Amino acid sequence: MPVTLTLDDARDLARAALMAAGTSPENAAITAAALVAADADGIASHGLSRLPAYADQVATGKVQGNAVPALDWTATATLRVNAGCGFAFPAVAAGLAAAAERVRETGIVGVGVYASHHAGAMGHHVEWLAERGLAGIAFTNSPSAIAPWGGSQGVFGTNPVAFAVPRAGRPPLVIDASLSKVARGKIMVAAQRGQPIPDDWALDVDGKPTTDAKAALAGTMLPVGDAKGAALVLMVEILAAALTGGQFGFEASSFFTADGPSPAIGHLFLVMDPVRLGGDQFPARLETLLGAILSQEGTRLPGDRRIAARTKAAGEGISIPDDLAADLRRRAGV
């Protein structure tokens, strides 16, 4: 039977489990909050299901639980953030906070994060910017999961992209999409639960379609849009890793196992001030566009389901598998 937790209880449990593994209180708190926020939004693949792997990696030193991000302004509007082979969330938060302050002067700021780990639901990072009246776009790479088009060996990660803009009097518009047909985390969850997957999500080690989630994890993911999608995956790999100094997908170790060196991947964020770039017209122009979309029957905006799930979770909590709940309680010592 699934176990239901309030959001506060879930954050407390996750924080305690991370601290017990050797994570600093500050890093544990921000990482726990990010995982619970993913579950609240209905993104279980990026939620508490990740915590056992996170904690094990801290315990072995693959993730530096006490890492303190180092910020380096290399020019007026370019910021490099060394995550120190720690969790991504503290490094991204520090970099975006600094950029959000600077962008009021410069109009646009580029933030490159390197020596980092899994950054979770990328939409949450740019949503934070949009809640402060800014626009943001994010790119990240990840350990190899997608082969070059026509190839059979993984070179790129699933390489999500995310984008957010503010809306007057309404929640920000957030777009968050993996460039594989589905997020790899969804296959991980299916493997954990012994569930099959659709046969057009991934290929096995022999390059054949599979419904076996474990076989898919050992093989490669299919990109969205076939050859065109593979080209976009390459673009994100360059932006997130080559441009920031992060490891490429084929160089990075797994997010899911405790052995090996840090994945040390990269993330790139472009932070924009809509007023500086387009004047005061942006809010009205945005609503004109969104209104044209919603005027058609059967349409909706990206993120509507996420907002509904978040609202429900605020009142009813989140549900996680009972074996995961028992594991987290054991790790937390409660």
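The first residue in the sequence is number 1, and the count goes up from there. Every value quoted in this text rests on a predicted model; they were computed, and no experiment measured them.
Between I43 and A121, the shortest heavy-atom contact is CD1-CB, 4.1 Å. In plain terms, the two heavy atoms of L7 and A40 that are nearest each other are CD2-CB, 4.1 Å. Here the shortest heavy-atom pairing between A216 and I197 reads CB-CD1, 3.7 Å. When all heavy atoms of N66 and N27 are compared, the pair lying nearest together is C-ND2, 3.8 Å. Taking each heavy atom of A252 and I265 in turn, the nearest pair found is CB-CG2, 3.8 Å. Heavy-atom minimum distance, A213 versus I187: O-CG2, 3.5 Å.
Remark: H124 pairs with no residue by the ring-ring contact (aromatic ring centres under 6.0 Å, His included) rule, at least two apart or across chains. Partners of R285 under the salt bridge (charged side-chain N to carboxylate O under 4.0 Å, His left out) rule, at least two apart in sequence or in another chain, do not exist in this structure. With sequence neighbours excluded, the residues that form a side-chain contact (heavy atoms from CB on, under 4.5 Å) with F256 are R50, R184, M188, S254.
Residues V92 and L243 fall into different hydrophobic clusters, defined by Ile, Leu, Val, Met, Phe, Trp and Tyr side chains chained together at heavy-atom separations under 4.5 Å. Cluster membership for V165 and I307, using ILVMFWY side-chain heavy atoms within less than 4.5 angstrom, is not shared. No continuous path of hydrophobic side-chain contacts links I175 to V126 [ILVMFWY only; heavy atoms under 4.5 Å]. W149 and V236 end up in different hydrophobic clusters when Ile, Leu, Val, Met, Phe, Trp and Tyr side chains are linked at under 4.5 Å. Follow the hydrophobic side-chain contacts under 4.5 Å out from V58 and you never reach M19; the two are in separate clusters.
With hydrogens and angles disregarded, no donor-acceptor distance shorter than 3.5 Å links the side chain of D199 to the backbone of P209. For E237 (side chain) and V233 (main-chain N/O), no donor-acceptor pair under 3.5 Å exists by modelled atom type. With N141 contributing its side chain and Q247 its backbone, the two residues share a donor-acceptor pair below 3.5 Å. No donor-acceptor pair closer than 3.5 Å links the side chain of D273 to the backbone N or O of G107. Under a 3.5 Å cut-off, the side chain of E251 and the backbone N or O of F248 do form a donor-acceptor pair. No side-chain donor-acceptor contact under 3.5 Å links R276 to the backbone of M272. Although no hydrogens or angles enter the test, the distance criterion places a donor-acceptor pair under 3.5 Å between the side chain of K62 and the main chain of T257. In terms of modelled atom types and a separation under 3.5 Å, the side chain of T299 and the main chain of S295 share no donor-acceptor contact. In this structure, the side chain of S116 does not engage the main chain of V113 through any donor-acceptor pair within 3.5 Å. Under a 3.5 Å cut-off, the side chain of D39 and the backbone N or O of V36 do not form any donor-acceptor pair.
Applying the 6.0 Å contact sphere to CZ of R330 captures more than 12 heavy atoms from other residues, nucleotides or ligands. Heavy-atom neighbours of Q153 CD from other residues, nucleotides or ligands within 6.0 Å: at or below the threshold of 12. Taking a 6.0 Å sphere around CD of Q195, one finds it holds more than 12 heavy atoms contributed by other residues, nucleotides or ligands. Other residues, nucleotides and ligands contribute over 12 non-hydrogen atoms within 6.0 Å of the CG atom of D72.
Interatomic distance, NE2 of H117 versus OG1 of T140, reported as 11.0 Å (0.5 Å rounding). Rounded to the nearest 0.5 Å, atoms CE (M221) and OG (S144) are 12.0 Å apart. Rounding to the nearest 0.5 Å places CZ of R15 at 12.5 Å from CG of L35. Rounded to the nearest 0.5 angstrom, S180 OG and W201 CH2 are separated by 9.5 Å. The structure places CZ of F139 at 12.0 Å from CD1 of I238, a figure rounded to the nearest 0.5 Å. To the nearest 0.5 angstrom, I30 atom CD1 is 13.0 Å from R11 atom CZ.
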* **Chi angles and distances behind the side-chain contact (heavy atoms from CB on, under 4.5 Å) call for H46, K186** => CA-CA 8 Å; H46 288 51; K186 288 187 177 180; over 6 Å; no

* Verify side-chain contact (heavy atoms from CB on, under 4.5 Å) between R104 and L134, making sure each step is shown before the conclusion. => CA-CA 9 Å; R104 304 298 185 183; L134 303 172; 3.3 Å; yes

* For I293 and L301, run side-chain contact (heavy atoms from CB on, under 4.5 Å): C-alpha distance rounded to whole Å, both residues' side-chain angles, the deciding distance at 0.1 Å, then the answer. => CA-CA 8 Å; I293 295 170; L301 297 179; 4.2 Å; yes

* Begin from the C-alpha positions of T31 and Y54 and carry the test side-chain contact (heavy atoms from CB on, under 4.5 Å) through to its verdict. => CA-CA 10 Å; T31 302; Y54 279 18; 3.9 Å; yes

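I137 is not listed as a side-chain neighbour of F269, based on a closest heavy-atom distance of 4.5 Å or more. Looking only at side-chain heavy atoms (C-beta outward), L79 and T74 stay at 4.5 Å or farther from each other. The shortest side-chain heavy-atom distance between L173 and P302 falls under the 4.5 Å cut-off. Side-chain contact between Q64 and Q57 is absent, with no heavy-atom pair separated by less than 4.5 Å. Contact check for V189 versus S45: side-chain heavy atoms found under the 4.5 Å cut-off. Taking 4.5 Å as the limit, some side-chain heavy atom of L290 sits within range of a side-chain heavy atom of L286.
Salt-bridge check for E127 with R167: failed, with every basic side-chain N at 4.0 Å or more from each acidic carboxylate O. Salt bridge R310/D41: present, at least one basic N to carboxylate O contact under 4.0 Å. Ionic pairing of R331 and D56 is present here: one or more N-O contacts between side-chain nitrogen and carboxylate oxygen are shorter than 4.0 angstrom.
Just one residue in the list L270, V103, L96 forms a side chain to side chain contact (heavy atoms under 4.5 Å, CB included) with V109, and that residue is V103.
Between the side chains of T244 and H267, no donor N or O sits under 3.5 Å from an acceptor N or O. T6 and D8 share no side-chain donor-acceptor pair at under 3.5 Å. Using modelled atom types, one finds a donor on one side chain and an acceptor on the other under 3.5 Å when comparing T4 with S319.
Using the six-membered ring where Trp is involved, F255 and H118 have ring planes that are tilted, between 30° and 60° apart. Taking the six-membered ring where the residue is Trp, F89 and H125 present tilted rings, their angle falling between 30° and 60°.
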